[in-house]
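Keep in mind it's a predicted model, so treat the numbers as computed, not measured. All values below were derived from every heavy atom in this structure, side-chain atoms included, with hydrogens, water molecules and symmetry-related copies excluded.
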Protein chains: 2
Amino acid sequence: MATIRDVAKLAGVSVSTISRYLNKSGYVNSETEQNIKAAIDKLKYEPSVVARGLAGKQTNTIALILPDISNLFFSDLARAVEDVASTYGYTVIFCNTDDQGGKERNYIEVLKKKYIDGFIFASNTLTHEDTEALHKRSIPYVCLDRGPSDELSSVVRSKNLEGAKMAVLHLLEMGYTKIAHIHGPQHSITAKDRLAGYEESVRGFAWYSPTLMEAGDFRMASGMKAAEELLRRHPDIDAIFAGNDLMAIGALKVLHRMGIKVGEQVGVCGFDGIQTTEITEPELTTIAQPIYDMGALITRILIKKIEGSLVEDQIYELDVSLMARASTYRRR
Amino acid sequence: MATIRDVAKLAGVSVSTISRYLNKSGYVNSETEQNIKAAIDKLKYEPSVVARGLAGKQTNTIALILPDISNLFFSDLARAVEDVASTYGYTVIFCNTDDQGGKERNYIEVLKKKYIDGFIFASNTLTHEDTEALHKRSIPYVCLDRGPSDELSSVVRSKNLEGAKMAVLHLLEMGYTKIAHIHGPQHSITAKDRLAGYEESVRGFAWYSPTLMEAGDFRMASGMKAAEELLRRHPDIDAIFAGNDLMAIGALKVLHRMGIKVGEQVGVCGFDGIQTTEITEPELTTIAQPIYDMGALITRILIKKIEGSLVEDQIYELDVSLMARASTYRRR
DNA sequence: CCCAGTTATGGTACCGGTTCCACACTGAAT
DNA sequence: ATTCAGTGTGGAACCGGTACCATAACTGGG
């Protein structure tokens, strides 16, 4: 491997000049420039990112911290992050935390030793202490859905409350008359907002009851359990709005097993818009978050922060959209 | 940030001694050791991975090159890779190639400048030229499914041919009598092997015909198209074996739309064992690859190669298993 | 004619580690 | 007493860049 000194020697100039040429910082005569170009070509010289990292404190690497890459939502997100990052010349490291604060903290520890340029947090366990180490070294970070408690940071999320209201409204419009809700874990602000949206929308109805709400953990199995429980408690419900798609799919499964026709008899609506919603039978109505856009946006914000174009920290709320499909189509 | 020299000063020894202590290379008096420990604690010293990388040519980072992280199969795989890598102290960079050789080559170029310790290739486009650059710098790499053409390398794959035979056998045992096949793109050795397994198993039957095979591209939409075509051509087929789960799900969808009862009238079997197969209705019978194990194994092999415990390059073929489910259950 | 600003380039300390070599000391074998 | 292996430590070059500072030649304005 050729080094910058080899190039300098061959081009007959000093290393400083090469460095200036490479970084387009400072003056370089156009003739000299040609010589340097030739030398670089000849030696197939490629600057070492590591040496640059050591000298200049930039590694062009960002870390993506998420609960589980094999979760459909996050793999879609990761795709967007990597796409954007690579167009800006950054590479992406990913870390699975399983929503365990300990793992997350551990990753932060390991990665800050690596001079990572910035972090994207898509997990829900971030605390103030976690970010302290980042602040100390002024490593920029951005968050999905929610930032660390009591602290301002750039956050991208979607309109969860509004989306939940859209879901309920849609179900009502389709002629369903008693709507239950399976909500996610309440430490998640996302789940909270969606629950709030549901509650605000249905509180006024005569059939409203707190027992129409049942908790899940955002995974399919919990959706099944919750749906069973709800149907046992209220055999007359004719629609279920789930806090995310996976739980909605669980509900779908349960209804199917009970011989209940989804759509016609009981409507089901999810939230997230993961690709799998098109695979179910019937296809699942859902409130789609612009997952790809969210990932792309949060990455662009992070890179801006890294490169110093001052962006004020703020919360970006993206629009959600109703994907009306067969699982909420009630033939009359 | 404290540096190694700060620690040396505080502990009253030289940097060499600190380095020896940190790497457990060479002698360090046990008393000195205590002092060093204390100094490190006090200064909260953490060695810089970047400086280490520059000096010692090790970054503890591996790259995972795959077609698309948002593809269910690869996100499961990525999870396994990261799990194993992190227990060995490595971080994982991932890159989406969309099966385009150009993107792949580009990533190799970028990453080798970063002193990546090793590569895992899970894409199908790897050529001899691609790996040349890696050879030159003796950067180890391993492959999933297939290595670069005409070259030995460590490869982990599953028993595709055998699995295809299992699928056909299972369908026959369940009482299906005319089995079609949707195969993947033939540049993929995986798809080829599965097709071969199918053909070998059915060639002896009277109903066998080359027109019972139709091509797809491993994605759902192509499975739908292929299924339609097959049913048009042979309205009497009563089973479809697809070269992967996503195409099988496509077939499922088509059959459903045509009002054909999957399982009872027409059996469908996939291949891969992605989680989504449990979400479909009916649940999809599939030949499950041990995706997680494959990812874990390939990562362990790579790390062994990186750390120099000479492993001979070889091909590891893992067992597949039949997951018999409702999509191939024929009530009689 | 002098001084200041622009253009062009070189020298070198520095980033934070690793590693090789030199040196000193100990105790046992020759 | 001499040699030698094992133990323990320090000095300094080196990895491959960046960036600051110095130097110098060449403008043009006062």
Side-chain angles (χ1 to χ4, degrees), chain A residues 1-37 39-40 43-61 89 110 112-117 137-139 308, chain B residues 1-37 39-40 43-61 89 110 112-117 137-139 308:
Chain A
M1 273 313 299
T3 75
I4 198 170
R5 287 168 232 265
D6 299 331
V7 177
K9 202 170 291 174
L10 183 61
V13 295
S14 73
V15 290
S16 335
T17 307
I18 309 290
S19 178
R20 276 197 305 274
Y21 164 77
L22 290 171
N23 302 296
K24 302 186 194 323
S25 58
Y27 300 109
V28 178
N29 186 303
S30 63
E31 202 175 320
T32 315
E33 204 173 311
Q34 296 311 313
N35 292 337
I36 296 178
K37 251 182 210 154
I40 288 179
L43 295 173
K44 295 189 188 189
Y45 165 73
E46 286 166 358
S48 151
V49 177
V50 176
R52 262 196 189 151
L54 181 57
K57 313 275 178 242
Q58 269 250 339
T59 54
N60 279 261
T61 307
V110 171
K112 71 181 188 199
K113 291 187 217 163
K114 291 207 177 183
Y115 291 6
I116 296 294
D117 292 338
R137 315 220 190 166
S138 51
I139 301 175
Chain B
M1 273 312 297
T3 75
I4 198 171
R5 288 169 229 267
D6 300 331
V7 177
K9 202 169 291 174
L10 183 61
V13 294
S14 74
V15 290
S16 340
T17 307
I18 309 291
S19 179
R20 276 197 305 274
Y21 164 78
L22 289 171
N23 302 296
K24 300 184 197 326
S25 59
Y27 300 109
V28 177
N29 186 304
S30 63
E31 202 175 320
T32 316
E33 204 172 310
Q34 296 312 314
N35 292 337
I36 296 178
K37 252 183 212 156
I40 287 179
L43 296 173
K44 297 191 185 183
Y45 166 72
E46 286 166 357
S48 151
V49 177
V50 176
R52 262 197 188 149
L54 181 57
K57 314 274 176 242
Q58 268 251 342
T59 54
N60 279 263
T61 307
V110 171
K112 71 181 188 197
K113 289 187 221 165
K114 290 206 179 185
Y115 291 4
I116 296 292
D117 292 338
R137 315 219 189 165
S138 52
I139 301 176

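Atoms CG (A:Asp6) and P (D:dC15) sit 10 Å apart, rounded to a whole Å. Atom CD of B:Gln58 is separated from atom P of D:dC15 by 18 Å (rounded to the nearest Å). Regarding B:Lys113, its NZ atom lies at a distance of 14 Å from the C1' atom of D:dG17, rounded to whole Å.
Side-chain contact check for B:Tyr115 versus A:Val49: every heavy-atom pair is 4.5 Å or farther apart. Between A:Asn23 and A:Arg52, the closest side-chain pair of non-hydrogen atoms falls below 4.5 Å. In this structure, B:Tyr27 and B:Arg20 have side chains that are not in contact, with every pair of non-hydrogen atoms separated by 4.5 Å or more. The shortest distance between side-chain heavy atoms of A:Lys114 and B:Thr61 falls below 4.5 Å. Counting heavy atoms from C-beta on, the side chains of B:Ile116 and B:Ile139 never come closer than 4.5 Å.
Partner B:Val7 forms a side-chain contact (heavy atoms from CB on, under 4.5 Å) with one of B:Asn35, B:Ile40, B:Leu22 and no other, that one being B:Ile40.
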Scoring nucleotides 22-27 of chain D by protein non-hydrogen atoms under 4.0 Å (B base, S sugar-phosphate only, - none) yields ------
Counting primed atoms plus P, OP1 and OP2 as sugar-phosphate and everything else as base, spell out the protein contacts along nucleotides 3-19 of chain C at 4.0 Å heavy-atom distance: B, S or - for each nucleotide, 5' to 3'.
---SBBBBBB--BBBSB
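With values rounded to the nearest 0.5 angstrom, B:Thr3 atom OG1 is found 8.0 Å from B:Lys9 atom NZ.
Side-chain contact check for B:Ser14 and B:Thr17: at least one donor-acceptor pair (N or O, by modelled atom type) lies under 3.5 Å.
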